[in-house]
Amino acid sequence: MPSWSVIGLDVFAEFARGSGLDERLAALAALPAGGQGDGGRGLCETAAEIAAEIAALIGTAPLGERVTEAIALAYAQVGGGPVAVRSSGAQEDGTEHSFAGQFDSFLNVRGLDQVVAHVRRCWASGFSERSLHYRARHRLPPDTGGVAVVLQRMVPAERSGVLFTADPATGRDDRHVVSAVHGLGEGLVSGAVDADTVVLDAATGEVLSTVIGEKKERYDAGTGPGCTVSPVAPEDRGTLCLTTEDLTRLHRAGLRITAHHGTPQDIEWAIADGTLWILQSRPVTALGRPLGTAPGHREPEGEERLWDNSNIIESFGGVVSPSPTPSPPTPTPRCTRATPAPWGSGATGCARSRSGPRTCSATSTGGSTTTCTTGTAWCAWRRCTR
């Protein structure tokens with residue numbers, strides 16, 4: 001594991017007391033927090049405004065001498081240089097609720113001033129609009145319980161990815177699922193890069209199935225915070241980016257980490273200069289039910305299944321919540337998955353690749369033309385309809 005240090009909940013608590021954040025959170029707690037019936041309307045309706053106010057407060061309030069010294073000490077303990085600044089919410093991974101993915105983390109942050117600025121951003125992400133809505137829906141108090149921050153030495157990854165020590169889709173604990181990309185894992189976790197996926201037998205490490213992703217791009221550390229994106233060589237796109245030795249080491253590491261924690265793990269890893277680095281491990285909080293185990297379910301024999309994956313953030317750019325006064329639906333142009341439209345049918349087929357959205361148009365029998373943009377669903381053809 002790379003060198004790391006934690007800026008603990010006690011540091012955040014001292015900052016909250018000295019900055020006035022405690023008083024704002026106390027007022028926030030008076031708002032209805034329930035997510036059912038009329039219990040959550042107050043917080044839901046004002047979540048965006050509250051999140052912006054708290055972010056501004058955290059971003060500008062004086063840190064105080066002790067808080068500043070704690071951050072400087074944590075940065076020194078990892079050796080300075082480029083680090084990952086990772087949020088770690090007190091309630092992030094639980095048995096009933098999971099805030100995984102709702103708090104921010106930042107890569108390739110250099111220098112104490114930048115580290116301090118990104119620690120503030122991690123703290124603020126604990127009170128994001130998305131997080132506040134989640135709390136309201138689940139009838140949780142709006143206070144996060146605190147946000148710790150992990151500083152971790154950056155690894156110049158040649159390959160990286162995620163290892164699940166149980167299949168998160170089916171719940172099978174006799175499978176390990178490995179996803180891998182070239183470069184840093186940011187392209188994988190953000191969904192920007194189509195990764196390789198390998199399913200292993202949990203007991204033996206035997207490869208059970210392999211899906212080669214396109215891997216057109218890779219993410220690497222740049223000169224400043226964040227990542228640079230560059231194309232992957234064409235000859236490397238169609239081959240698995242992991243070797244047999246890589247898979248063997250990942251399988252063994254997965255067994256050890258799962259045995260240590262006693263529950264299936266979601267493990268982020270990286271490989272650099274022949275060394276396997278474990279970046280973080282957390283419980284798999286939402287395992288699916290194995291196929292065919294639902295009460296009364298009989299698995300059809302010989303039935304073919306088609307799986308489709310879409311990037312939902314392109315369809316829903318912000319927090320989606322019920323409107324208090326829903327208005328009647330109005331027909332809007334949309335792109336729907338379909339087979340190529342036959343010539344002369346009045347609709348023009350829209351070919352696309354996985355590289356991104358494309359625009360297509362359709363002409364109705366009445367002569368009007370509709371233009372729309374497809375999302376990033378993994379299909380080869382779309383057509384526009386009303």
Side-chain angles (χ1 to χ4, degrees), residues 1-22 51-93 99-128 130-131 144-157 160 183-187 189-190 219-229 268-270 272 277-282:
M1 177 173 285
S3 300
W4 58 274
S5 185
V6 176
I7 301 167
L9 295 175
D10 56 334
V11 178
F12 175 80
E14 179 157 339
F15 169 74
R17 288 192 299 270
S19 65
L21 181 60
D22 270 357
E53 178 187 342
I54 291 178
L57 175 61
I58 291 176
T60 58
L63 291 179
E65 183 178 353
R66 283 164 51 88
V67 173
T68 302
E69 289 176 352
I71 297 175
L73 176 61
Y75 186 48
Q77 287 177 336
V78 300
V83 295
V85 183
R86 297 174 175 266
S87 300
S88 182
Q91 303 168 345
E92 188 167 355
D93 297 306
F99 288 81
Q102 295 191 31
F103 303 154
D104 290 337
S105 294
F106 304 93
L107 300 180
N108 199 39
V109 180
R110 301 168 184 263
L112 181 58
D113 289 345
Q114 283 295 315
V115 168
V116 168
H118 285 83
V119 166
R120 289 179 184 266
R121 293 176 65 179
C122 286
W123 286 342
S125 70
F127 305 92
S128 66
R130 181 183 174 191
S131 175
T144 64
V147 179
V149 179
V150 179
L151 303 185
Q152 188 176 67
R153 187 80 174 171
M154 282 290 297
V155 174
S160 55
L184 298 174
E186 176 64 20
V189 298
S190 68
Y219 285 62
D220 294 285
T223 56
C227 303
T228 60
V229 184
E268 292 185 24
W269 54 269
W277 297 89
I278 303 301
L279 306 180
Q280 73 171 26
S281 183
R282 61 189 178 200

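If you read the sequence from its start, that first residue is 1, and numbering goes on from there.
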Within the 4.5 Å heavy-atom criterion, are Leu21 and Phe12 side-chain neighbours or not? yes
For Ala148 and Val6, the nearest pair of non-hydrogen atoms, with its separation, is CB-CG1, 4.4 Å
Taking Asn108 for the side chain and Gly222 for the main chain, is one N or O donor matched with an acceptor at less than 3.5 Å? yes
Spatial distance of atom CD1 (Ile71) from atom CG (Asp113) [nearest 0.5 Å]: 11.0 Å
Flag, side chain of Arg120 to backbone of Val115, donor-acceptor distance under 3.5 Å: no
Rounding to 0.5 Å, atoms SG (Cys122) and CD1 (Ile58) come to a distance of 10.5 Å
Reported CZ-to-OG distance for the pair Phe106 and Ser125, which is rounded to 0.5 angstrom: 6.5 Å
I need the minimum non-hydrogen distance between Ser19 and Leu57, along with the two atoms involved. O-CD1, 3.6 Å
Is it the case that the side chain of Tyr75 and the backbone of Gly111 share a donor-acceptor pair, with hydrogens and angles ignored and the cut-off at 3.5 Å? yes
Side chain to side chain contact (heavy atoms under 4.5 Å, CB included) between Leu151 and Val85, intermediate numbers included: CA-CA 5 Å; Leu151 303 185; Val85 183; 3.9 Å; yes
Side-chain donor/acceptor of Ser87 to backbone N/O of Asp104, under 3.5 Å: yes
For Glu186 against Tyr219, the heavy-atom pair lying closest together: CG-CD2, 4.0 Å
Contact between Pro2 and Leu279 at the side-chain level, heavy atoms closer than 4.5 Å - yes or no? yes
Determine, step by step, whether Gln77 and Leu73 satisfy the side chain to side chain contact (heavy atoms under 4.5 Å, CB included) criterion, reporting the C-alpha distance in whole Å, the side-chain angles of both residues, the deciding distance to 0.1 Å, and the verdict. CA-CA 6 Å; Gln77 287 177 336; Leu73 176 61; 3.9 Å; yes
Euclidean distance, Gln152 CD relative to Glu268 CD, rounded to 0.5 Å: 9.0 Å
Heavy atoms only: give me the nearest Ser160-Gly185 pair and the separation to one decimal. OG-N, 2.8 Å
From Arg66 atom CZ to Asp10 atom CG, the distance as rounded to the nearest 0.5 Å: 8.5 Å
Between Leu184 and Asp220, the two heavy atoms sitting closest are CD1-C, 3.7 Å
Quick one: closest heavy-atom pair of Glu14 and Val67, and the distance? CG-CG2, 4.1 Å
Nearest-0.5 Å distance, CH2 of residue Trp4 to CD of residue Gln280: 12.5 Å
Among Val119, Val11, Val116, the one residue meeting side chain to side chain contact (heavy atoms under 4.5 Å, CB included) with Leu63: Val116
